[in-house]
S.K.: 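One structure follows; several queries about it will come next.
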Amino acid sequence: MKKVVHAACPHDCPDACGVLITIQDGKATKIQGDPAHPVTRGFLCAKVAKYLDRVYSPDRVLYPLRRIAPKGPNAKGNAFQRISWDQALTEITERFRTISAEFGSEAILPYSYGGTLGVLNGSSMDHRFFHRLGASQLARTICSEAGEAGIRSVIGAKLGTEPEQFRHSRYIIAWGANIHGNNVHLWPFIVEARRQGAKLVVIDPYRTRTAACADWHLPINPGTDVALAMGMMHVIIYENLYDKDYVERHTVGFDQLRERVRSYTPEYTANITGIAAGDIARLAREYATTRPAVIRVNYGVQRSENGGMATRAITMLPCITGSWKQVGGGLQLSLSGSFGLNRGALQRADLMVQALGRPARTVNMVELGSALNSLQDPPIQALFVYSSNPAAVCPHHDEVVRGLLRPDLFTVVHEQFLTDTTDYADIVLPATTFFEHKDLQASYGHYYLQVSHQAMEPLGECRSNVELFRDLAQYMGFDEPCFRESVDDMIDLALDSSNPWLQGIDRQRLEAEGHVRLEFPRSANDDTSARFGPFLPFAEGEFATPGGQALLYNEDLAEHGLDPVVEFRAPSESRHTRQAKEFPLEFLARKADNFLNTTFCNQTEIQEMEEVGVLEMSAPDAQARGIAEGAQVRIFNRRGDLRLKAKIDGRVQPGVVSARLHWAKLSAGGRNINVLTSEKLTDLGNSATFYSVLVEVELAQPVS
Ligand SMILES: Nc1nc2c(c(=O)[nH]1)N[C@H]1C(S)=C(S)[C@@H](COP(=O)(O)OP(=O)(O)OC[C@H]3O[C@@H](n4cnc5c(=O)[nH]c(N)nc54)[C@H](O)[C@@H]3O)O[C@H]1N2
Ligand SMILES: Nc1nc2c(c(=O)[nH]1)N[C@H]1C(S)=C(S)[C@@H](COP(=O)(O)OP(=O)(O)OC[C@H]3O[C@@H](n4cnc5c(=O)[nH]c(N)nc54)[C@H](O)[C@@H]3O)O[C@H]1N2
Ligand code: SF4
Ligand SMILES: [Mo]
């Protein structure tokens with residue numbers, strides 16, 4: 001028996017690909033990109049193209065496990081013994097009951113992030129469970145909150161230019177966006193545009209694969225994008241290159257903006273950004289006068305201390321040039337604000353208020369290290385990790401590990417593999433892959449909704465996030481009907497929304513069609529022969545702000561101690577600050593091109609594509625420290641240190657060094673780059689600041 005099943009890739013990636021899985025006699029034999037999906041266009045990224053190796057990896061966790069050795073990495077591989085699901089769930093519920101009785105239910109902390117962005121497995125039954133339990137809430141800020149707050153502060157929502165429109169652009173700016181590595185399905189549209197003469201400009205301190213094939217790469221000093229955007233706006237405004245009509249009709253605060261950017265001449269801006277004054281002026285003029293011009297800003301710019309303001313400043317650009325009006329114009333950060341699913345009904349925050357009589361306290365996931373080690377009231381006594389690998393991805397790694405090593409902390413991890421985090425788990429539970437469960441899939445990089453069908457039976461005793469928390473609820477005796485809803489019931493519930501763009505989209509239609517584009521209204525001058533017209537959310541203003549205008553002046557920013565218009569403040573860890581005397585190098589603690597955060601990094605067939613354990617540095621910085629290509633170096637700051645191999649490849653400018661995210665236990669000394677990053681939060685959104693880190697580098701002493 002052979003069948004082809006339509007699924008959707010749930011990994012934390014803007015592309016949310018349509019996937020076709022061939023199943024023969026119950027076994028997956030082939031995976032390919034759905035050729036009918038307008039953004040996937042029949043191909044998958046290199047890592048998911050090898051997904052059968054992941055699903056059938058001999059390293060998969062297939063059964064519940066209980067710890068029988070001390071916490072911490074265990075080279076002998078005998079840390080756990082197999083137990084039954086009943087034993088595991090009984091032990092968890094007993095511990096949760098005892099902890100709740102002694103410390104209160106808020107002593108239990110869920111910890112999840114981007115393992116799956118499936119609508120149900122990402123956040124539904126799990127939220128219901130922890131709400132009903134009265135557990136602490138987790139502020140899920142590790143990735144994107146600063147940028148979200150920044151874009152919302154101007155246009156009110158996470159909406160923007162759809163990927164298909166990039167083919168019509170004539171000027172494309174990839175701003176802190178590693179399209180070639182992290183958003184590959186946008187690339188073919190850019191190739192099409194360039195064939196028609198479009199210019200691709202990349203603004204990134206690192207020479208990414210995207211930068212290497214761009215028409216123009218502007219290596220910017222890390223954390224100075226606010227200043228660059230202000231410098232561009234200075235030129236655009238004072239050279240009268242802005243769209244007066246659009247600005248008058250659809251923005252507020254333009255006069256204040258004009259004043260605010262007055263001193264940001266190209267010369268002044270050049271000093272801050274490291275980009276020559278002539279280049280800044282040219283960039284501003286080209287961007288404002290080439291039509292249509294689009295900006296793909298990604299989350300790279302908002303991992304700086306001033307990342308909220310940086311995203312805000314960049315978002316102002318299409319609002320003053322009016323490029324939102326054109327097909328192929330505008331800006332894209334995240335499009336996820338368009339889906340308007342009924343998440344409230346999936347997550348049931350009301351159960352928390354019922355359980356506690358008030359909202360539970362919130363712990364910021366970026367501050368996990370502090371939260372586990374400090375005397376909180378109540379102290380965190382249980383940590384339930386799923387869809388995340390905090391012992392690798394969280395900043396200030398050594399603090400996180402110190403907390404995870406606490407003998408009195410009860411840690412449960414639901415996982416597909418024995419990760420850095422399972423090294424500290426008391427109980428490990430086996431998780432399905434997306435081949436093994438059904439889900440609904442939205443996207444943050446396109447406007448298609450998909451149903452991801454279950455292609456095969458779960459391997460071993462794996463359970464999906466939905467089924468795990470359904471079972472746990474039963475063991476806890478939670479008898480609310482919502483814990484008994486089937487997956488299909490929950491998909492129906494998610495789609496039961498007043499959002500006009502979801503009207504006419506139901507589960508049956510999604511199941512029949514695989515992917516369905518959101519039902520945007522067609523504009524009057526649409527080419528009616530096309531299946532759907534281009535979506536131009538802000539062509540006529542209609543921003544998602546209270547008055548419908550783009551807020552170049554936003555009073556709310558004052559509450560965060562920020563200028564209501566725009567203002568550049570250098571990150572506290574950057575080259576011109578006092579700390580730079582001791583630690584003079586700006587460190588980009590980047591993602592790998594071929595892993596997805598730390599997912600995939602343990603698979604040998606994926607490791608072959610990625611060079612790990614290297615520190616990229618410029619020739620002058622290496623020379624000044626007596627470091628030659630391939631030398632073992634020690635990179636350090638006050639938080640920690642690690643050993644890497646020097647690579648002098650011209651990818652970073654003098655003053656900047658860079659290395660990539662990996663599992664700690666697969667890295668030299670069992671430590672990864674997050675030993676160097678800090679818990680410092682961004683200006684808006686309380687996000688992580690992975691790209692505002694100062695370090696020093698020296699030749700490593702040989703290990704004796
Ligand atoms: N292959 C692969 N794909 C992925 C991921 C992955 O790990 N690997 N991760 C997924 C996830 S979770 C996310 S959030 C997205 C993120 O996708 P992106 O938003 O593209 O994220 P980053 O790679 O963090 O940053 C993009 C670029 O910003 C640059 N950058 C760093 N600091 C600055 C700065 O101050 N200014 C400017 N202008 N640029 C700066 C970095 O050098 C990097 O090349 O990608 C997703 N896709
Ligand atoms: N230094 C540095 N640190 C970073 C970043 C960086 O650029 N630099 N990026 C940050 C960003 S943008 C992000 S989004 C975070 C990502 O942080 P995480 O979301 O923790 O990312 P991953 O490391 O990919 O871990 C996800 C885990 O979920 C598991 N998983 C997959 N599917 C399922 C499932 O269905 N159920 C369960 N229970 N588990 C599943 C995978 O096996 C994997 O181990 O990392 C952040 N950390
Ligand atoms: S990780 Fe991204 S590019 Fe790769 S298959 Fe999944 S959605 Fe597509
Ligand atoms: Mo992310």
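As the structure is a computational prediction, the values presented were derived from the model and not from experiment. Whatever order the structure lists them in is the order used to number ligands and atoms, beginning at 1.
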S.K.: If you measure from the Lys or Arg side-chain nitrogens to the Asp or Glu carboxylate oxygens, is any gap between R671 and D398 under 4.0 Å?
M.R.: yes
S.K.: Which of these, A8, C9, C45, has its nearest heavy atom closest to atom 4 (Fe) of ligand 3?
M.R.: C45
S.K.: So, does R639 use its side chain to make a donor-acceptor pair with the main chain of L676 at under 3.5 Å?
M.R.: yes
S.K.: Does C143 approach ligand 1 within less than 4.0 angstrom via side chain, backbone, both or neither, non-hydrogen atoms only?
M.R.: side chain
S.K.: For Y299, which part has a heavy atom under 4.0 Å from ligand 1: side chain, backbone, both, or neither?
M.R.: both
S.K.: Check whether any heavy atom of N674 sits under 4.0 Å from an atom of ligand 2.
M.R.: yes
S.K.: Identify, by atom number and element, the atoms of ligand 2 in contact range of A431, meaning under 4.0 Å from any of its heavy atoms.
M.R.: 36 (N), 37 (C), 38 (N)
S.K.: Looking at non-hydrogen atoms alone, which of H662, E415, E436 comes nearest to atom 42 (O) of ligand 2?
M.R.: E415
S.K.: May I ask you to identify, for A16, whether its side chain, its backbone, both or neither come under 4.0 Å of ligand 3 on a heavy-atom basis?
M.R.: backbone
S.K.: When you measure from atom 16 (C) of ligand 2 to each heavy atom in N672, T116, L676, N597, which option holds the nearest one?
M.R.: N597
S.K.: Return the closest protein heavy atom for atom 27 (C) of ligand 1 as residue, atom name and distance.
M.R.: D204 OD2, 3.2 Å
S.K.: Going by the atom numbers of ligand 2, which of them fall below 4.0 Å from some non-hydrogen atom of A589?
M.R.: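 Answer for ligand 2: 1 (N), 2 (C), 6 (C), 7 (O), 8 (N).
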S.K.: Counting from 1, what ligand 2 atoms have a heavy atom of D12 closer than 4.0 Å?
M.R.: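 In order of numbering, the contacting atoms are 14 (S).
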S.K.: Does an N or O anywhere in T599 fall below 3.5 Å from an N or O of ligand 2?
M.R.: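 Among all N and O atoms of T599, at least one is under 3.5 Å from an N or O of ligand 2.
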S.K.: Only heavy atoms count here, so choose which of S144, P205, G300 is nearest to atom 39 (N) of ligand 1.
M.R.: P205
S.K.: Can you list the atoms of ligand 2 that are under 4.0 Å from a heavy atom of N389?
M.R.: 20 (O), 23 (O), 25 (O)
S.K.: List ligand 2 atoms under 4.0 Å from R303, heavy atoms only on the residue side.
M.R.: 12 (S)
S.K.: For N121, which part has a heavy atom under 4.0 Å from ligand 2: side chain, backbone, both, or neither?
M.R.: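 No part of N121 comes within reach of ligand 2.
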S.K.: When you measure from atom 8 (Fe) of ligand 3 to the N, O or S atoms of C17, does any of those distances fall below 2.8 Å?
M.R.: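 It does; at least one qualifying atom falls short of 2.8 Å.
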